[in-house]
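Read through the structure below, which is laid out as structure tokens, and then see the notes.
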Amino acid sequence: MVCQKCGANVPEDKIYCEKCGMAIQMVPDYRPEEDISIGGEENQREDSSGADRISPAKGFWKRHWKCGVAGVLLFLFGSLSFQAAYDYVRSGEETMTKPLEPETRMLPGCPKFGIEPGTYSYSPMVTLSYHSEYDGDIYYTTDGTTPDEESRCYQSSFSVGEGMTVVRAVFIRSDGMQSEEASGTYHVEFHYPDEPIFSIPSGTYVGGLSVTITSGEDCRIYYTTNGEEPGPQSRLYRGPVTIPPGLTVLQAVAIDEDGGSSGIVEAIYNVSENSGTLGEENDGFAAEVPVNQ
């Protein structure tokens, strides 16, 4: 044993140092750091041994965690399926017990125009159509009033005359349900060709006459000499019109490619027979000279 004061060796049977007289401490000094180190080593041994030991509950979940997840998913899926089936059955019962209100029923679509509304230089033929699996009829007006079952029932195409015309139409099903209204405005402006022009004006003439008739481009000229009103059914002008002796009323009209007609022009010719004297002076040709002009 060593003296803590002078460092001399002290026999074990002595309780004091013979050299310096210091009492020998039989109990070693307390060192906290040694206790801490010793406790840490013991804890580490306990932790390592505890790590090797797994509780039965933890071991069960470690082996069967997939089954647990699958069970949770099956539970959620079953709950959602039950709720969806319940809602479906409930909605079906409400539909069977509650009649559809008129405002919730789907309205049929509006009729369609065969020719688009717009401006035309001729009278267009308007057609109306409706594609539906329901039975019903189309009713329309052309005077701007609201169409209903009292209006004209559409059967076939109809023409729109000159000016502005508003066509309004609806489809009414056999159960009385009415579609939305279709409306279209047609503005028809006829471009009338110019009136024909006669090469010889009305008057009294001696001898035969040949009258030339002219008009604008892309127009046909129809004429009569019997007092009837000319039109497409009359004679088509192809060359000068010969006016025989006597009283002749020549009338003509010009019609363009769109069917537009000009005004009717008229000329009255009173042609007398050739006189011998006048015929000699004109070397035998008929004189086309007006009398009293």
Tell me whether S234 contacts the main-chain N or O of G231 through its side chain, where contact means a donor paired with an acceptor under 3.5 Å. yes
Identify the heavy atoms of [X] and [Y] that sit nearest to each other, and give their distance.
X	Y	value
P240	Y237	N-OH, 3.5 Å
Q178	V170	NE2-CG1, 3.9 Å
F198	E266	CE1-C, 3.8 Å
E180	C110	O-CB, 3.1 Å
Y122	P124	O-CD, 3.0 Å
Y205	P201	OH-O, 2.9 Å

When rounded to the nearest 0.5 angstrom, what distance separates [atom1] in [X] from [atom2] in [Y]?
X	Y	atom1	atom2	answer
S121	H187	OG	NE2	11.5 Å
L250	S202	CG	OG	8.5 Å
Q251	T225	CD	OG1	10.0 Å
D143	S151	CG	OG	8.0 Å
M177	I172	CE	CD1	11.5 Å
I213	R238	CD1	CZ	13.5 Å

Other than V253, what residues sit in its cluster of Ile, Leu, Val, Met, Phe, Trp and Tyr side chains whose heavy atoms are under 4.5 Å apart, directly or through others? Y222, L236, I255, I264
Linked, directly or transitively: [X] and [Y] (ILVMFWY side chains, under 4.5 Å):
X	Y	value
F77	L80	no
F113	V166	no
Y139	V126	no
M164	Y140	no

Tell me, which pairs form a salt bridge (Lys or Arg N to Asp or Glu O under 4.0 Å) where one or both residues lie in residues 203-229, sequence neighbours left out? none
Any chance NE2 of H131 has more than 12 other-residue heavy atoms, nucleotides or ligands included, within less than 6.0 Å?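 Incorrect, the count does not exceed 12.
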Does atom CD (E150) have a neighbourhood of more than 12 heavy atoms from anything else shown, all under 6.0 Å? no
With a 4.5 Å heavy-atom cut-off, do [X] and [Y] have their side chains touching?
X	Y	value
I268	L247	yes
V211	I243	yes
T142	F158	yes
I115	Y186	yes
T204	S272	no
T242	S210	yes
T165	V188	no

Quickly, which of C219, S262, P230 forms a side-chain contact (heavy atoms from CB on, under 4.5 Å) with P196? Name it, please.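 Answer to the side-chain contact (heavy atoms from CB on, under 4.5 Å) test with P196 among C219, S262, P230: S262.
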After noting the C-alpha distance and the side-chain angles of T146 and R168, does the key distance pass the side chain to side chain donor-acceptor pair (under 3.5 Å) rule? CA-CA 7 Å; T146 303; R168 301 173 65 179; 3.3 Å; yes
Classify the ring geometry between F171 and Y130 as parallel (under 30°), tilted (30 to 60°) or perpendicular (over 60°). parallel
